[in-house]
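Structure first, then comments.
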Amino acid sequence: MTEPYENELRARFGLDIPLGEVPDAPWLRQVLMRRTQRRYADRAVPDSLVRLLLAAAFSASSKSDFQQASAIWLKDRARRDRLAALFPDMPWIGAAPVFLVFLGDARRLERLGELRGHRPDNGALEGFFNAAIDAALALQTCVLAAETVGLGTCPISVLRNHIAVVAEILALPDKVFPVAGLCLGYPAQAGFISMRLPLAATVHIDAHDDSHLAEAVDGYDRRRDARHSIKDRQRAPERFGTAEFYGWSEDKARQATDPEGVGFATWLRAHGFTLGEPDASKV
Ligand SMILES: Cc1cc2nc3c(=O)[nH]c(=O)nc-3n(C[C@H](O)[C@H](O)[C@H](O)COP(=O)(O)O)c2cc1C
């Protein structure tokens, strides 16, 4: 007899994870098997369905009920082409049947203040952080909703690598920033499941403890390599040399030495955010 979710857990983690007694929920099977899709069939996604997905997205929970997420549904082809041209190595940005951009919108709360005559300042790190989280939750809720009806998605955070031009194309006012775009469409291929770190590395009981990280990552690297080797795609060998065993952790450690999002903090500070502590003297 198979254990509950055995196949899905093996697909996700490359491991057998005994769960004990758990409810059988088909939707959870689908979540465990979810994957990003970057190639889409030549099949339109009806506007009515996009509206439904947006309604689901904005049903996500929201810090303090402040509702600081916004989305732009980028329908105008010329604007979309300008945006896509900034990222030629990600052709799915221009090719996906639907493209949304999820925004952290710290401006709306200040506008509410103006309307009500209270004038909150929402430019501290707290305001930025809360807006970013709300937008990320809406994004992921949209992803899961889309996958539930057979669509594929790909979040697009590279938008922030050309933040000034993207903000101009999308006419973003101060205190509004992109968290990520989202490509949507019917998948053109099955795609593949990206194996995750074992729960032993990501879940801590009672207190943070990463003393066994090295062993957990080593085992993960080997399992991932056995399923899908990337040894022939070594990143920047001229800087790092050629590794005999090239696993996920070596790849990510190399990738992380290249700074991303350079200029984002400067752009945020030039567009209304101080990113500091809230001004307690105003209370
Ligand atoms: C916030 C966020 C931003 C992302 N940005 C990009 C992106 O700019 N381009 C891209 O092709 N994929 C992007 N992705 C997709 C990730 O690469 C993908 O989720 C990851 O490789 C794990 O794969 P999986 O979602 O299939 O499990 C992003 C994902 C997230 C959550």
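Order of listing sets the numbers, starting from 1, for every ligand and every atom in it. For this chain, numbers begin at 1 and follow the sequence in order.
A centroid separation of 6.0 Å or more is found between the aromatic rings of Phe177 and His271.
Using 4.0 Å as the threshold, Ala180 has no heavy atom nearer than that to any atom of ligand 1. Within the 4.0 Å heavy-atom shell around ligand 1 one finds Arg196. Residue Arg34 places a heavy atom under 4.0 Å from ligand 1. Distances shorter than 4.0 angstrom occur between a heavy atom of Trp92 and an atom of ligand 1.
With Gln37, Met90, Glu260 as candidates, the residue nearest to atom 9 (N) of ligand 1 on a non-hydrogen basis is Met90.
Within 4.0 Å of atom 15 (C) of ligand 1, at least one protein heavy atom is present. Inside a 4.0 Å radius of atom 20 (C) of ligand 1 there is not any protein heavy atom.
From the protein, the heavy atom lying nearest to atom 18 (C) of ligand 1 is Thr36 OG1, 3.7 Å. Looking only at protein heavy atoms, the nearest one to atom 23 (O) of ligand 1 is Ser194 CB, 3.7 Å. In terms of protein heavy-atom proximity, atom 3 (C) of ligand 1 is closest to Ser157 OG, 3.2 Å. For atom 28 (C) of ligand 1, the nearest non-hydrogen atom of the protein is Pro155 O, 3.6 Å.
Here Ala136 has no heavy atoms under 4.0 Å from ligand 1, in either its backbone or its side chain.
Tyr40 has its side chain out of reach of Val45: every pair of non-hydrogen atoms, C-beta onward, lies at least 4.5 Å apart. The closest side-chain heavy-atom distance from Arg12 to Ile17 is not below 4.5 Å. Put simply, the side chain of Glu114 reaches to within 4.5 Å of the side chain of Arg119, judged on heavy atoms. Residues Arg51 and Trp73 are in side-chain contact: their nearest non-hydrogen atoms beyond the backbone lie under 4.5 Å apart. Within the 4.5 Å cutoff, the side chain of Pro178 has heavy atoms near those of the Leu172 side chain.
Taking a 6.0 Å sphere around CZ of Phe245, one finds it holds more than 12 heavy atoms contributed by other residues, nucleotides or ligands.
Salt-bridge formation is detected for the pair Asp47/Lys75: a Lys NZ or Arg NE/NH1/NH2 atom is positioned less than 4.0 Å from an Asp or Glu carboxylate oxygen.
Side-chain N/O atoms of Gln67 and Arg108 include no donor and acceptor closer than 3.5 Å.
Here's the thing with Arg35: none of its N/O atoms is less than 3.5 angstrom from an N/O atom of ligand 1. Checking only distances, Val158 does come within under 3.5 Å of ligand 1, N or O to N or O.
Heavy-atom proximity to Arg38, at under 4.0 Å, picks out these atoms of ligand 1: 10 (C), 11 (O), 12 (N), 15 (C), 16 (C), 17 (O). Applying the 4.0 Å criterion to heavy atoms of Cys154 picks out, from ligand 1, the atoms 10 (C), 11 (O), 12 (N).
Exactly one residue among Leu74, Asp81, Ile156 makes a side-chain contact (heavy atoms from CB on, under 4.5 Å) with Ile93. That residue is Ile156.
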